[in-house]
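Report on one structure; see the data block that follows.
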2 protein chains.
Amino acid sequence: MQVVRDSETGTERAGLTDRQNAVLESALNLLVEGGEKAVTTAGVARAANCSKESLYKWFGDRDGLLSAMIAYQAGKVRTVDASGDALTSEGLRKNLSAFAHDLLDVLSGEVSLALNRLAIGQTVGKGRAASRGGPTLGRLLEERGRRQIGRRAATLLEAGRRAGFLAFDDADEAYGTLYGLIVTDTHLRMLLGEDPQALKQEFAARAERAVTSFLALYGVDATADA
Amino acid sequence: MQVVRDSETGTERAGLTDRQNAVLESALNLLVEGGEKAVTTAGVARAANCSKESLYKWFGDRDGLLSAMIAYQAGKVRTVDASGDALTSEGLRKNLSAFAHDLLDVLSGEVSLALNRLAIGQTVGKGRAASRGGPTLGRLLEERGRRQIGRRAATLLEAGRRAGFLAFDDADEAYGTLYGLIVTDTHLRMLLGEDPQALKQEFAARAERAVTSFLALYGVDATADA
DNA sequence: CTCCATGCGTACCGTACGGTACGGTTCCGA
DNA sequence: TCGGAACCGTACCGTACGGTACGCATGGAG
């Protein structure tokens, strides 16, 4: 209730004040250039010009802060599905290509990589140690990020099938194939430290090849249509 | 020189004594069930019944210990390339299928996942912080693990091409496609904490589909051969 | 003007970890 | 039998971090 009136400036998100979002932005900067070890409560407070006490009041915990960072960043990703013209065969190809480019772009982003590293580093194999309240960071990232972009792909594939350009039984399976063709092992390699800039050079070619391969596997011959 | 005589029992690896390898084994156990935070020098010493001083004498540093863990585990992976009969079309398919199964098996292994999480968690975005001496843990893992299994795939693909069953220009590109078709996003999801056991159930089906798709993309019609 | 909430800055505390030092024991070669 | 090297167990030190408490400034409400 305390954040209803005093910061209705329009930049709010998920019930957080602008100030708090600014703090999360600072924290993300720290994370990107220093890894998880750089995100100390004192460090975030110093970088954001706020007090540690405020941090604990707002986010309750260091884990709460990390979760808030993930949620905040995920909220910024907007999947622009301008798929109102996926009727022609060429249009479908264009849309698939755009999707491939966007996917590679998102996955190679500094912030995305840093957050994935954070969530993965936090993950434990057997028992759940911390995370008393909410779900695991990894689960959080999966829900907020992957599901989003997956839905865009699903609608695109569904439109393609409805228009008679694609043929598949299981949409998830088809999406998995598309994802694999596009991403291959680049995501892992970037997570392991390989320079994203070096890999970005071949993104365009890879995206085109992936789309071509995908259409070869799941596309119905356009000449036989209509 | 001190490890030449007193431990020639046969289990040595990479210039480490059996005792040291046993310590690394303990450390890996800790890592698997507790994540990176569980691999403390004191914890490893306690679990392995050795002294911290010995740890530092053997591995020099905590980073050295982690590197040694990666090297040790990588040395255990043996790529059994029994590809002496990849002449028939069916043999190639069998070999590809076996490769797919092995790849998914390796990637879903507890130790593999834990080490990947460790290396990824250690990775920093911008500047290299620690790692004064050797390369990054991520790089190490990539060299030792990925290269190994990649080489097996490369020879397999090359044999397939030489026998006239496969057609491709760039072997790396073809391997990338094969990898993507097999793995898709399962590796990432497991790294993020998704239960490997649940995913393993569909490994067999996925492997077969991947091989089929790969052959559809890169295989030449067997009936036109010879 | 007064009161009080919010929040900054800082100091503080407990703990846990990396790394080092020391004493005691075992084992091997001379 | 002696000497020494390796090594275990433990104690120790410095530091860094998570979390808490206190003092002070600001700014809006009554």
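To find a chain, count down the sequence lines: A is the first, B the second, and so on, and within it residues start at 1.
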Worksheet item: Is the backbone of A/Ile70 close enough, under 3.5 Å, to the side chain of A/Arg144 for a donor and an acceptor to pair up by distance?
Response: no
Item to complete: Answer yes or no: is there an ion pair linking A/Glu202 with A/Arg209, defined by an N-O contact shorter than 4.0 Å?
Response: no
Worksheet entry | B/Ser108 side chain vs B/Leu104 backbone, donor-acceptor pair below 3.5 Å | yes
Response to the item:
Quick note, A/Thr40 side chain, CB onward, closest among C/dG18, D/dC17, C/dG9 is D/dC17
Worksheet item: When you check the gap from the basic side-chain N to the acidic O, do B/Arg206 and A/Glu173 get nearer than 4.0 Å?
Response: no
Discussion item. Could you tell me how far apart A/Lys37 (NZ) and C/dC17 (P) are, to the nearest whole angstrom?
Written reply: 12 Å
Worksheet item: Rounding to a whole Å, what distance do you find between A/Asp18:CG and C/dT6:P?
Response: 17 Å
Practice prompt. Run the salt-bridge test on B/Asp185 and A/Arg146 with the 4.0 Å N-O cut-off and return the result as yes or no.
Written response: yes
Practice prompt. Quickly work out the B/Arg19 CZ to D/dA5 C1' distance and round it to whole Å.
Written response: 16 Å
Item to complete: For B/Arg62 and B/Val39, indicate whether the former's side chain and the latter's backbone hold a donor-acceptor pair under 3.5 Å.
Response: yes
Worksheet, complete the sentence: Between CZ of A/Arg62 and P of D/dT20 the distance, given in whole Å, is 15 Å
Discussion item. Just to be sure I understand the geometry, which residues of residues 42-49 of chain A put a non-hydrogen atom under 4.0 Å away from DNA chain D?
Written reply: none
Fill in: d(CG, A/Leu66; C1', D/dG18) in whole Å
12 Å
Practice prompt. Look only at the side chain of A/His187 and the backbone of A/Val183, and say whether a donor-acceptor pair between them is shorter than 3.5 Å.
Written response: no
Report, one pair per line, the protein and nucleotides 11-15 of chain C atoms (nitrogen or oxygen only) whose separation is under 3.5 Å.
none

Practice prompt. Would you kindly give the CD-to-P distance between A/Gln20 and C/dG7, to the nearest whole Å?
Written response: 7 Å
Worksheet entry | Gap between atoms OH and P, on A/Tyr56 and D/dC17 respectively (whole Å) | 12 Å
Practice prompt. Starting at atom CG of A/Leu55, determine the distance to atom P of D/dT20, rounded to an integer number of angstrom.
Written response: 12 Å
Practice prompt. Indicate yes or no for a side-chain donor-acceptor contact from B/Thr184 to the backbone of B/Leu181 under 3.5 Å, with no hydrogens or angles considered.
Written response: no
Worksheet item: Of the nucleotides D/dC17, D/dC22, D/dC8, which has the atom closest to the A/Glu53 side chain?
Response: D/dC22
Discussion item. Tell me whether A/Glu158 is salt-bridged to A/Arg151, with the criterion being a basic N under 4.0 Å from an acidic carboxylate O.
Written reply: no
Worksheet item: Is the shortest side-chain N/O distance from A/Trp58 to OP1 or OP2 of C/dT6 below 4.0 Å?
Response: no
Worksheet item: For B/Thr41 and C/dG18, is the shortest distance between a side-chain N/O and OP1 or OP2 below 4.0 Å?
Response: yes
